Engineer: 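Please read through the structure below; I'll follow up with questions.
Just so you know, ligand 1 is whichever comes first in the structure, and atom 1 is the first atom listed for that ligand. It should be emphasised that the depicted structure is a prediction, and the values quoted were computed from it without experimental measurement.
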Amino acid sequence: MASFNRTTLPDNVRTNGATPNPWWANAVVYQIYPRSFQDTNGDGFGDLKGITSRLDYLADLGVDVLWLSPVYKSPQDDNGYDISDYQDIDPLFGTLDDMDELLAEAHKRGIKIVMDLVVNHTSDEHAWFEASKDKNDPHADWYWWRPARPGFEPGTPGAEPNQWGSYFGGSAWEYVPERGEYYFHQFSKKQPDLNWENPAVRRAVYDMMNWWLDRGVDGFRMDVITLISKRIDPAGRLPGEPGSEIADGPVGEEGYSNPNPFCADGPRQDEFLAEMRREVFDGRDGFLTVGEAPGINAQRNEHITDPANGELDMLFLFEHVDCDCDGIKWKPRALDLPALKRIMAGYQTAVAKAGWASLFSGNHDQPRVVSRWGDDSSEENRVRSAKALGLMLHMHRGTPYVYQGEELGMTNAHFTRLDQYRDLETLNAYRQRVEEAKVQSAESIMAGFAARSRDNARTPMQWDASTYAGFTAPDAASEPWISVNPNCAAINAAAEFDDPDSVYGFYKRLIALRHANPVVAAGSWELIDSDDEHVYAFVRTLGDERLLTVVNLSGRTVDLPAESAALLGAVAGDAGEVAADAIVISTYDADHAAASITSGALAPWEGVVVRL
Ligand code: TEU
Ligand code: CA
C-alpha cells in the first residue's frame, strides 16, 4: 500500500499548531472539474473513468490529494453544485462503482481524494425540497420558506419577503403556489438554501458525510460553508422580512440588496463547524477539510483553522481574488501588486502561530491566472509568466492548490460571442445587467466576461493537440459541452510532459521542492520590498535555513528592489555574483538567474529562489 505520509516535517517544526503535525502539512492538492477533465464515453462530458485513466499523470506531477468538484446526482443547473441525491453519482459522470474504482486506484498511488460538499443548499429537485413543499411534512422547515409581504398578491413584484438578490441574478426569493410561500436561494432558484437552524438538517448532512468517509473518501472541500448560518432576530425572522428586528441592506444598481452581509460568517458559524467536526471527523484520521469561505477575513481564518477550536483544517479566502475589480466582477481592472501583497501578507501573518493558509490563484470559478495576472499574448511570455506566478504562490507558507490545466499554463478561453458561454452566472448577468437593469453595455460586459467569466477555467483539459485536445475522441459521438481552446495545438500535456523547461516541468519541481524542504512547507514568511510595484519578494526561515523568493511579476526588466538586493549582496562574492548552487529554483535557468543577480536587475517574469 502506498504511503500517504509525505510529510518530512519533524514534530518540532510548527505548522498549524497541531501535535503531531497533520499528514497534509506539506501536501499539494489538485482540483479536478470532472465535467471538463477527461471524457471516456464520447458524450462530450468528462467522467469518473476519465479521471481514473489520468491518475498516472497526476502521480507524475506529484500531487498528494485530488479535490473533485461535484459528481453527485444533479440536474446540472449549476454544473453539479445543485445536488438532488448526495449518495449517488450522476450518470453523466458514471456510477458509484466507478467512484469506488477511482478511490481504490488513487489510494494505490498514494493519492487521497476529497469530495465537494455542497450543503448550504440542495437542488430544488432533491427529495427533501420536494417534501418541504407540504407544510405538514417533517421536511417543511428544512428550507427558508416565508409568506408574501402583507398587502401584496403572492408571486407579484414587491411581494417577496425582503429585497435580497441572488448571486446568479434576479430575486433571491422564488414563489411556489403549491405551498403558497417563497423560498430563499442565494444562488440560482434551483438551489434552495437549507435551514441549518433545524437540527434535523444538520443530522442528515452529518449522516451523509459519514457515509462517504466510511466508503473511503478522504475528506471534503465544503462549498460556501461560511454562508450556512443566517442572521435572524429572536423570533427567527430574516433581515428585512415583515416584523424583523433586522433591516436588510440597501438596494443596489440591479434593483436588489446583497444577502452576503447577513449570511456570511453568521452567529452560529463556529457552533455548526465544531458540531460537524465532533459528529463526523472526531475519531477519524488521515482526512482533510477545506471550507470555501466567502466573507471570512484573515483573523477569522485563524480561529476557524486553529486545531484547538476543532472546526476546519483550512479555508479558501477570497480577498486576493476580489482585489482587481471595484466591487463589480464584470468591471475588472489591472492588478495592483502592492495591494495583492498586503492581502497575502495579512493571510500569512494571521496564521503564523496557529491555524493554516490555503494557497490558490485559480479554480473553477476564477479566470486562468496566466491570463489574469500574467501575459498570454505570446508563447514566451505565457510560459515565463505562468512559471513566475506558480513560483510566487508555491513559495508561500500553506497548502497550495493546483487547478486542472494551471500546471500546463492553460489560458482563458478568449470567447467573443455570448453563445460560446455556458455558465448561468455569466448568462444571467448579461440578461440582468444589459437587458433588464441596463446598467452595463453589451460591449463592456462582453469584455468583462472575456476577462472574468467562470467558463474561462472550464474549457476542456488540453491533453494533446488533436481536434478536441484529447479530452474526447476526434470521432466522438458528441462534441465537448463547451468549446476546446484552439491553443491546445501548442498548450497540452503531451507537449509538456517530458520537457523539463515546460510549465508542467516547472510545477513538478515546485511540488517536489515542498515535499523535500521543511522550510518551504513550514518556514516563517516575511514580506520585503512591500511597496515595489513589479517585484514580489519574501523570506522564508526555518531554523538557520533562509530562502529568498524574488519574482518580477511584470513584462519589463526591473531593478532588484533594495531589501532583496541587500540580502543577495550579503551572500554574493566580491564581484557581486551568487554561486549557481545557491539558486534553488528559477523561472529561467540558474546561470541566467545568477547573472541577473550580479547585474542587479530581473528579466521579464524572472523569479528566483536563493538560499541565503
Ligand atoms: O462558489 C461560491 C462563490 O463564492 C462563487 O459564487 C463565487 O463568488 C463566484 O463564482 C465568483 O464569481 C461556490 C462554487 O465554487 C460555485 O461553483 C457555485 O456556483 C456556488 O458556490 C454555488 O454552489
Ligand atoms: Ca463522458
Side-chain angles (χ1 to χ4, degrees), residues 31 33-53 67-72 74 76-83 89-95 98 116-123 166-169 185-194 221-228 258-260 263-264 290-296 315-319 321-322 324-325 327-330 332 360 362-367 372 401 403 422-426 428-429 448-449 451-458 460-461 468 471-473 476-481:
Q31 182 195 354
Y33 196 65
R35 175 183 268 259
S36 303
F37 191 67
Q38 178 66 69
D39 174 21
T40 56
N41 63 350
D43 66 356
F45 291 87
D47 42 58
L48 290 174
K49 285 187 182 301
I51 300 171
T52 301
S53 75
W67 150 30
L68 306 189
S69 277
V71 291
Y72 317 98
S74 161
Q76 301 294 322
D77 183 60
D78 185 19
N79 293 357
Y81 282 90
D82 50 315
I83 296 167
I89 300 295
D90 196 278
L92 193 65
F93 300 111
T95 64
D98 295 334
D116 209 314
L117 182 79
V118 187
V119 289
N120 170 72
H121 47 272
T122 70
S123 165
S166 154
Y167 295 120
F168 293 157
H185 58 88
Q186 290 185 75
F187 296 95
S188 89
K189 64 184 173 188
K190 286 185 70 62
Q191 294 170 291
D193 278 55
L194 278 166
R221 175 265 188 186
M222 301 183 189
D223 190 64
V224 290
I225 201 67
T226 55
L227 300 182
I228 58 178
N258 183 358
N260 189 271
C263 299
V290 50
E292 186 196 26
I296 291 280
L315 295 175
F316 295 134
L317 303 184
F318 281 80
E319 196 181 349
V321 287
D322 287 340
D324 52 359
C325 71
I328 305 282
K329 170 173 182 171
W330 311 117
F360 75 96
N363 61 34
H364 64 291
D365 292 333
Q366 299 296 329
R372 181 181 199 167
Y401 286 73
Y403 178 63
R422 298 288 178 271
D423 182 17
L424 83 168
E425 182 193 42
T426 297
N428 290 356
F449 292 160
R452 291 288 186 276
S453 171
R454 304 193 298 181
D455 279 334
N456 282 304
R458 300 177 179 186
M461 180 72 177
Y468 298 127
F471 164 71
T472 194
S478 307
E479 292 199 340
W481 67 278

Engineer: Any chance the side chains of Gln186 and His121 put a donor and an acceptor closer than 3.5 Å?
Structural biologist: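 Their side chains do not contain a donor-acceptor pair, so the 3.5 Å distance test is not met.
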Engineer: Can you sort out which atoms of ligand 1 are near His121, meaning under 4.0 Å from one of its heavy atoms?
Structural biologist: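 Listed by number with element, the hits are 22 (C), 23 (O).
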Engineer: Should you measure from each heavy atom of Asp78, which atoms of ligand 1 turn up under 4.0 Å away?
Structural biologist: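 Ligand 1 atoms under the 4.0 Å threshold to Asp78: 18 (C), 19 (O), 20 (C), 22 (C), 23 (O).
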Engineer: Relative to Trp481, does Arg35 satisfy both conditions: NZ or CZ under 6.0 angstrom from the six-membered ring centre, and within 45 degrees of the ring's axis?
Structural biologist: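 Checked: cation-pi criterion met.
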Engineer: Quick one: which ligand 1 atoms are inside 4.0 Å of a heavy atom on Lys329?
Structural biologist: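 Under 4.0 Å from Lys329, ligand 1 has these atoms: 11 (C), 12 (O).
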Engineer: How far is atom 7 (C) of ligand 1 from its nearest protein heavy atom, and which residue and atom is that?
Structural biologist: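 Heavy-atom neighbour on the protein nearest atom 7 (C) of ligand 1: Asp365 OD2, 4.4 Å.
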Engineer: Give a yes-or-no answer on whether the side chains of Asp39 and Tyr468 include a donor-acceptor pair shorter than 3.5 Å.
Structural biologist: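 Their side chains do not contain a donor-acceptor pair, so the 3.5 Å distance test is not met.
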Engineer: Identify the residue among Ile83, Asp223, Ile225, Val224 that makes a side chain to side chain contact (heavy atoms under 4.5 Å, CB included) with Val119.
Structural biologist: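 The option that passes is Ile225.
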Engineer: To check your reading of the model: name the closest protein heavy atom to atom 8 (O) of ligand 1, its residue, and the distance in Å.
Structural biologist: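 Here the nearest protein heavy atom works out to Phe318 CE2, 4.9 Å.
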Engineer: In this structure, does ligand 1 have an atom that sits under 4.0 Å from one of the heavy atoms of Phe187?
Structural biologist: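 Per 4.0 Å heavy-atom rule, Phe187 contacts ligand 1.
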Engineer: Is the distance from the Ca ion (ligand 2) to some N, O or S atom of Asn41 under 3.0 Å?
Structural biologist: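 Short answer: yes, at least one N, O or S atom is under the cut-off.
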Engineer: Under 4.0 Å from a heavy atom of His364: give me the atoms of ligand 1 that qualify, with their elements.
Structural biologist: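 Close to His364: 14 (C), 15 (O), 16 (C), 17 (O).
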Engineer: Provide the atom name of the closest N, O or S atom of Asp39 relative to the Ca ion (ligand 2).
Structural biologist: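 Considering only N, O and S atoms, Asp39 comes nearest to the Ca ion (ligand 2) through OD1.
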Engineer: Could you tell me which atoms of ligand 1, counted from 1 in the order shown, lie closer than 4.0 angstrom to a heavy atom of Phe168?
Structural biologist: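 Once the distances to Phe168 are compared, the set is 19 (O).
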Engineer: For the Ca ion (ligand 2), does an N/O/S atom of Phe93 lie at less than 3.0 Å?
Structural biologist: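 No.
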Engineer: Quick one: do the Asp77 and Ser188 side chains pair a donor with an acceptor below 3.5 Å?
Structural biologist: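 Distance-only check passes for Asp77 and Ser188.
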Engineer: Can you confirm whether some protein heavy atom lies under 4.0 Å from atom 10 (O) of ligand 1, or whether none does?
Structural biologist: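 So far as the 4.0 Å threshold goes, atom 10 (O) of ligand 1 is in reach of a protein heavy atom.
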Engineer: Let me see the working for Phe360 and Trp67 under ring pair (Phe, Tyr, Trp, His ring centres under 6.0 Å), right down to the final yes or no.
Structural biologist: CA-CA 13 Å; Phe360 75 96; Trp67 150 30; 8.6 Å; no
Engineer: What is the nearest protein non-hydrogen atom to atom 3 (C) of ligand 1, stated with its residue, atom name and distance?
Structural biologist: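 Protein heavy atom at minimum distance: Glu292 OE2, 3.7 Å.
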Engineer: Atoms of ligand 1 less than 4.0 Å from Gln191 heavy atoms?
Structural biologist: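 Result: 22 (C), 23 (O).
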Engineer: Under a 3.5 Å distance rule, please check whether Asp47 uses its side chain to pair with a backbone N or O of Gly94 as donor and acceptor.
Structural biologist: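 Such a contact is absent between Asp47 side chain and Gly94 backbone.
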Engineer: Does at least one non-hydrogen atom of His185 fall below 4.0 angstrom from an atom of ligand 1?
Structural biologist: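 Flag not set, His185 not near ligand 1.
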Engineer: Note the single closest protein heavy atom to atom 21 (O) of ligand 1, along with its residue, its atom name and the distance in Å.
Structural biologist: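 Here the closest protein heavy atom is Asp223 OD1, 3.0 Å.
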Engineer: Under 4.0 Å from ligand 1, counting heavy atoms only, is it the side chain of Arg221, its backbone, both or neither?
Structural biologist: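 Answer for Arg221: side chain.
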Engineer: Before you tell me yes or no, could you show the steps for Tyr81 and Ser74 under side chain to side chain donor-acceptor pair (under 3.5 Å), namely the whole-Å CA-CA distance, both residues' side-chain angles and the distance that decides it to 0.1 Å?
Structural biologist: CA-CA 8 Å; Tyr81 282 90; Ser74 161; over 6 Å; no
Engineer: Apply the test side chain to side chain donor-acceptor pair (under 3.5 Å) to residues Thr95 and Asp98: give CA-CA distance (whole Å), side-chain angles for both, the deciding distance (0.1 Å), then the verdict.
Structural biologist: CA-CA 5 Å; Thr95 64; Asp98 295 334; 3.3 Å; yes
Engineer: Report the distance from atom CG of Asn258 to atom OH of Tyr167, rounding to the nearest 0.5 Å.
Structural biologist: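 Here the rounded value is 5.5 Å.
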Engineer: Just to be sure I read this right, does ligand 1 sit under 4.0 Å from the backbone of Glu425, its side chain, both, or neither, counting only heavy atoms?
Structural biologist: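 Looking at Glu425 and ligand 1, just side chain atoms fall under 4.0 Å.
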Engineer: Got a sec: does the NZ of Lys329 have more than 12 other heavy atoms crowding it under 6.0 Å?
Structural biologist: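 More than 12 within 6.0 Å, yes.
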Engineer: Hey, which N, O or S atom on Asp47 ends up closest to the Ca ion (ligand 2)?
Structural biologist: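 In Asp47, the heteroatom (N, O or S) nearest the Ca ion (ligand 2) is OD2.
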Engineer: Is the closest side-chain donor-acceptor distance between Asp43 and Ser478 under 3.5 Å?
Structural biologist: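 Per modelled atom types, Asp43 and Ser478 side chains form no pair under 3.5 Å.
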Engineer: Report, in ascending order of atom number, the atoms of ligand 1 lying under 4.0 Å from any heavy atom of Val224.
Structural biologist: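 It comes down to these atoms of ligand 1: 2 (C), 21 (O).
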Engineer: Among the N, O or S atoms that Asp43 has, which is closest to the Ca ion (ligand 2)?
Structural biologist: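 Of all N, O or S atoms in Asp43, the Ca ion (ligand 2) lies closest to OD1.
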Engineer: What I want to find out is whether Asp82 reaches Lys190 closely enough, with some N-O distance under 4.0 Å, to be called a salt bridge.
Structural biologist: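 Looking at Lys190 together with Asp82, the answer is no, because their closest N to O distance does not fall below 4.0 Å.
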